[in-house]
Amino acid sequence: MRSTPAIDARAGLAKLASYPFHIATWVDEAGYPISVAVEASVDPETLTATFDPPAGLSVPTDREVSLTGSHIRPQPGYGYDERRHVTVWGRVTSGLRPDSMSRVLTLAARSAWGWDESETPFFEYSERSVPRSRRYFDALSAERGTPVKPRLSFGFLALRSTRLPFLTATIVPVVLGIAIAASHGTFDLWAAALTVIGASFVQLGLNVANDVFDSVQGADDANVTPTQFSGGSRVIQYGLVSLRQMATLATLFYVLAGVIGLILLATRGSTALLVIGVVGFIVSLGYTAPPLKFVYRGLGEIAVAVGFGPLMLLGAYVVQTRGALAWEPFVASIPIALLVALILYVNEIPDRRGDAHAGKRTLPVRFSPRTIVTGYNVAAASAYAAVVVGVVLGILPVPTLLMLLTIPLARQVSAGLMPNYDNPYGLMAFMGVNVRLHLLAGVLLLVAYVIVIGAMAIAPGVDLFIG
Amino acid sequence: MATIPAPVTELLEAALVAELTVVDPSGRPVTYPLIPLWDGERVYMTSSTLFSRKLEHIAHDPHVSVSVTDPVSVGGREDRVTIQGDARVIDDDPHGGWERLLPIWSAKEPAIVSFLKARVALPLFFERALIEITPRRVMYWPSGDASVAPQVVDLGKEAA
């Protein structure tokens, strides 16, 4: 993978023509490069650039000479932006201008390269260059006879390799399940704390295992436009953590989750909890791991919806109720399930080329942009409809309608998808809104249940359910 | 021993971007726009390991030049310079060794300080080598006009 795609000489000259001056460079007799600013007349059609000979310097005709254009825009207090540069190489011949008979140098272009951040954004340029960094560290290691690796502080590395900030996907449904159980009159603090911790270990295991299997199957390596929301943690690709270390970490998280699961089963066990735990483990590991590989088959959204919706929420609920099930937590999990699936759904948009390359047939790989945006609208609308129907049927308490306050966020994400469909870095802002949408919807549902619990304590006779 | 003329050091101190030219294994000049960092004795530049081809070229052939040519990057000054010199790659500690030049760098690009605080977002960009350039010869165009021969100062093989 080349960091800056080679430009052909004609395209290089066409770019060079847009610069107000050019830097003619060659290697002198002493072996040092020498550069001088000239104003060349560039003609991409004839693949040539002509310029006046610089005074007092001899431009060689027996070796390669280059013409470079370079541009920045100073930004006081920040630095600069609008970075672009291009270099064209060729041999120079000396001649006479037909009109004035003055000497002129003509460079016959042979090759070119360059970078323009408006064409290849800096983050993509950097990502395409990762193999070069790895080669550099490999060479340093060989030279010194000891491994030399890129580093991050432990805190940063833990944050990045586990994708810790995404734990909201777990905390929202688990805490909501606990709150619904509390509104039904059952609450055990230690069981609640263990549930949050155990469920978090499941997600951390999933996050890390996802990186391991995506690396093994090539999806993360093929992705050159990762963002803070998509494309994996990339700690393996960057050489910060080895594949083996990540596999060990994933195993450790799953073991810890298993231990906590067994403690909960032993202390507050039920058939429902056992079933939810086993299915949750299969869904979590099978998300990217063979043979299930849900996300590779276009089933990632369903797996995430089930895992981070009903399974997490009902699991937390039955820990508290010791196995008693109810419709209310299930219905409350539907909007959470849809909104968390939509996080994955939108995050897969910028990954779709790398995913397709690795045979990961996600929904954005399978369907057109228009269909994907329609799918977003239908799923988001269904999340709100589920709450309204739940309230109308008397399953959910009226305060859960607070979740409708997040509709503007969903509309904002929907409006941003199509204009940024091919612009991962423009889409990043809307991915962020989409994550906030899920979190805020969960928080508002939680607030609704705090109101219900508060009302039960203050005014036991008040019914917050319709019917 | 000759010294670098004051207008040239002022240019180096003012320039947001200069052009580093190295020589590739085929003998061809390759030019990279980089921030010049002048410490009063030598010119320094830094390169991320992501964009380390130039470092490989320097390891193969230490002859380099640094030119300041763009009036936009020096606040509108018209004078131009090319400094030929010998380069050395310093990469004992790619993680933090280059940070001793951070005060000079951040004076030109203040945003780099906040980027560095968020190095978790782009860790390999901040794995860097220093390029230390000892000036040997200076060519200075006071008017920036290449139709006039440059003023040449030979600094010899001693450090400038």
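Note on naming: letters A, B, ... go to the chains in the order of the sequence lines (proteins, then strands), and numbering restarts at 1 for each one. All heavy atoms count here, side chains included; hydrogens, waters and symmetry mates do not. Worth saying up front: this structure is predicted, and the values here are computed from it rather than measured.
- With rounding to the nearest 0.5 Å, the separation of CZ in F125(B) from OH in Y125(A) is 10.5 Å.
- Applying the salt bridge (Lys or Arg N to Asp or Glu O under 4.0 Å) definition to pairs two or more places apart or across chains, those involving residues 14-34 of chain B are D24(B)-R28(B).
- Contact count versus chain A (heavy atoms, under 4.5 Å) is highest, among D145(B), V66(B), L55(B), D61(B), for L55(B).
- If you take CG on L34(B) and OG on S70(A), they are separated by 9.5 Å, rounding to the nearest 0.5 Å.
- Proximity to chain B (any heavy atom under 4.5 Å) is restricted, for L57(A), to the side chain, taken from C-beta onward.
- Neither the backbone nor the side chain of L157(A) has a heavy atom closer than 4.5 Å to any heavy atom of chain B.
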Report the C-alpha distance between E56(B) and R132(A) in whole Å, list the side-chain angles of each, state the deciding distance to 0.1 Å, and finish with yes or no for salt bridge (Lys or Arg N to Asp or Glu O under 4.0 Å). CA-CA 11 Å; E56(B) 293 167 10; R132(A) 173 157 294 284; 3.2 Å; yes

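- Closest approach of Y136(A) and D91(B) over heavy atoms only: OH-OD2, 2.5 Å.
- Annotation: residues 109-118 of chain B contacts chain A through E109(B), P110(B), A111(B), F115(B), K117(B) [non-hydrogen atoms, separation under 4.5 Å].
- Proximity to chain B is limited to the side chain of S111(A), based on heavy atoms less than 4.5 angstrom apart.
- Taking CG of L50(B) as the start and OG of S133(A) as the end, the distance is 5.0 Å to the nearest 0.5 Å.
- Applying the side chain to side chain contact (heavy atoms under 4.5 Å, CB included) rule to N223(A) yields the partners T225(A), P226(A), R234(A), D351(A); only residues at least two apart in sequence or on another chain are considered.
- Options P62(B), P123(B), G96(B) differ in how many heavy-atom pairs under 4.5 Å they form with chain A, and the most are formed by P123(B).
- With a threshold of 4.5 angstrom between heavy atoms, T68(A) approaches chain B through side-chain atoms but not through N, CA, C or O.
- Only the side chain of F122(A) comes within contact range of chain B, with heavy atoms under 4.5 Å apart.
- Of all heavy-atom pairs spanning I72(A) and V17(B), the tightest one is CG2-CG2, 3.7 Å.
- Looking at R63(A), there are no atoms closer than 4.5 Å to chain B (heavy atoms on both sides), in backbone or side chain.
- Looking only at heavy-atom pairs under 4.5 Å with chain A, the residue among G27(B), S52(B), S26(B) that has the most is S52(B).
- Of all residues spanning residues 20-30 of chain A, those with a heavy atom less than 4.5 Å away from chain B's heavy atoms are F21(A), I23(A), T25(A), W26(A), V27(A), D28(A), A30(A), arranged by number.
- Here the closest heavy-atom approach between residue G31(A) and residue H63(B) is recorded as O-CB, 3.1 Å.
- To the nearest 0.5 Å, atoms OH (Y238(A)) and OG1 (T49(B)) are separated by 11.5 Å.
- Atom NE2 of residue H71(A) and atom CG of residue D70(B) lie 7.5 Å apart, to the nearest 0.5 angstrom.
- Here the shortest heavy-atom pairing between I34(A) and T82(B) reads CA-CG2, 4.4 Å.
- Rounding to the nearest 0.5 angstrom, the gap separating the CG atom in L124(B) from the CZ atom in R151(A) is 13.0 Å.
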